[in-house]
Amino acid sequence: MNLSHVERYFADFLSAIESGEKIPLYGEEELTLPQNLFIIGTVNVDETTYMFSPKVLDRANVIEFETYSASDYMNSKINLNSPEGDIAYLENPLVGNEIRDYGIDELRDFFEDVTVDGEPFWNILTEEISTFQEILKESGFDFGFRVINEIVRFMAVAWEYEGKPPEFKNWKRYFDACIKQKLLPKLHGSEKIIGETLDKLYKKCVDNSFDTKETSKYPESTRKLKEMREVLRKQRYVSFIN
């Protein structure tokens, strides 16, 4: 999808996916996007890569695939085991599809009886999202209602995937994915612009535990932020795709 600027050839789709309106074609024809349509694209990261604009990133989740080592590949040591959990849920992309149309009031009602250690999960989620919003706002990477709604919808689907437990104890695993897939991809800039922001985000994700992926509050986001901080210190500029 990065062979050209996505905004130049995909603008009508981006608008129609969100608004539900038809896309005008040549002549008098119009194209309606059905509810069971999902757009998945790949991006090769190299010196020719066009990074997506905030307009695209606000409407998408960015999933990063790491490169396997040459040794593991050549000696067939790549782990191809199936993921754990509710595989049937994962294999049916239309399960929970109605959640995509939920507004914030419906989402609040959705989590009404869900708790974490006796505290309403909605309060915990609200506080976490607000904290990250405040940190990102300091360097001009604030986010609004669209991103908030998509994060909460992601968490709603995750809760369903977990079997709708009254105590959502595993919520950090999924919020970690939200941080890395929705918030961090928009970050880019010089050390002067985002250096302090990366430090604050890193501290928030580690959450005062030991400085390792295994013990941090949000391990995947911690690892990505550590990588971005190292690149920033060396090159004085960094982006999500480095």
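Given the structure is predicted, the values throughout are model-derived calculations rather than measurements.
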Nearest 0.5 angstrom please: [X] [atom1] to [Y] [atom2], how far?
| X | Y | atom1 | atom2 | value |
| --- | --- | --- | --- | --- |
| Lys164 | Asp113 | NZ | CG | 12.0 Å |
| Gln133 | Thr131 | CD | OG1 | 10.0 Å |
| Glu191 | Asp199 | CD | CG | 8.5 Å |
| Lys22 | Glu29 | NZ | CD | 10.0 Å |
| Leu125 | Phe111 | CG | CZ | 6.5 Å |
| Glu21 | Glu30 | CD | CD | 10.0 Å |

For a 4.5 angstrom cut-off between non-hydrogen side-chain atoms, does [X] reach [Y]?
| X | Y | result |
| --- | --- | --- |
| Val157 | Tyr89 | yes |
| Asp117 | Glu119 | no |
| Met155 | Trp159 | no |
| Ser216 | Cys205 | no |
| Val152 | Tyr102 | no |
| Ile124 | Trp171 | yes |
| Thr126 | Ser130 | yes |
| Leu201 | Leu183 | no |

Crowded around [X] [atom1]? As in, over 12 foreign heavy atoms under 6.0 Å?
| X | atom1 | answer |
| --- | --- | --- |
| Ile40 | CD1 | no |
| Phe38 | CZ | yes |
| Tyr9 | OH | yes |

Using a strict threshold of under 4.0 Å (side-chain N to carboxylate O), is an ion pair present between [Y] and [X]?
| X | Y | answer |
| --- | --- | --- |
| Arg233 | Glu230 | no |
| Lys186 | Asp58 | yes |
| Arg223 | Glu66 | yes |
| Lys217 | Glu128 | yes |
| Glu7 | Lys55 | no |
| Glu150 | Arg100 | no |

Closest heavy-atom pair and its distance - [X], [Y]:
| X | Y | answer |
| --- | --- | --- |
| Leu57 | Pro185 | CD1-O, 3.7 Å |
| Phe154 | Tyr174 | CE2-O, 3.6 Å |
| Asn149 | Leu107 | O-CD1, 4.1 Å |
| Phe13 | Leu31 | CZ-CD2, 4.3 Å |
| Ala16 | Leu33 | CB-CD1, 3.7 Å |

For [Y], is there any backbone N or O sitting under 3.5 Å from a side-chain donor or acceptor partner on [X]?
| X | Y | answer |
| --- | --- | --- |
| Glu167 | Val114 | no |
| Tyr218 | Lys204 | no |
| Asn97 | Gln35 | yes |
| Asn92 | Leu94 | yes |
| Lys172 | Pro219 | no |
| Asp176 | Glu220 | yes |
| Lys182 | Ala60 | yes |

Q. Would Phe52 and Arg59 satisfy side-chain contact (heavy atoms from CB on, under 4.5 Å), going step by step from the backbone distance to the final call?
A. CA-CA 11 Å; Phe52 294 158; Arg59 294 164 173 81; over 6 Å; no
Q. Asp12 and Ser15: side-chain donor and acceptor closer than 3.5 Å?
A.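 Short answer, no.
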If hydrophobic clusters are built from ILVMFWY residues whose side chains come within less than 4.5 Å, do [X] and [Y] share one?
| X | Y | answer |
| --- | --- | --- |
| Ile63 | Leu187 | no |
| Leu37 | Ile17 | yes |
| Phe65 | Val62 | no |
| Leu25 | Leu14 | yes |
| Met228 | Tyr237 | no |

Q.
Between Glu162 and Lys169, is the salt bridge (charged side-chain N to carboxylate O under 4.0 Å, His left out) condition met? List the steps.
A. CA-CA 10 Å; Glu162 287 276 322; Lys169 293 184 178 296; over 6 Å; no
**Q.** Stepwise side-chain contact (heavy atoms from CB on, under 4.5 Å) test for Lys192 and Arg236
**A.** CA-CA 8 Å; Lys192 182 178 181 180; Arg236 305 304 183 196; over 6 Å; no
Q.
For the aromatic rings, using the six-membered ring if either is Trp, is the centroid distance between His188 and Phe141 under 6.0 Å?
A.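 Yes, they do, as the ring centres are separated by less than 6.0 Å.
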(Q) Under 6.0 Å between ring centres: does that hold for Phe168 and Phe121? (A)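 When the ring centroids of Phe168 and Phe121 are compared, they turn out to be within the sub-6.0 Å range.
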Q: Identify whether NZ of Lys or CZ of Arg in Lys224 sits under 6.0 Å from the centre of the six-membered ring of Phe240 and within 45° of that ring's axis.
A: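 Output yes; distance and angle both within limits.
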Q: Would you check, one step at a time, whether the test side-chain contact (heavy atoms from CB on, under 4.5 Å) holds for Val56 with Val6?
A: CA-CA 8 Å; Val56 176; Val6 177; 4.1 Å; yes
Q. Passes side-chain contact (heavy atoms from CB on, under 4.5 Å), Ile241 versus Glu64? Steps please.
A. CA-CA 9 Å; Ile241 60 175; Glu64 186 178 40; over 6 Å; no
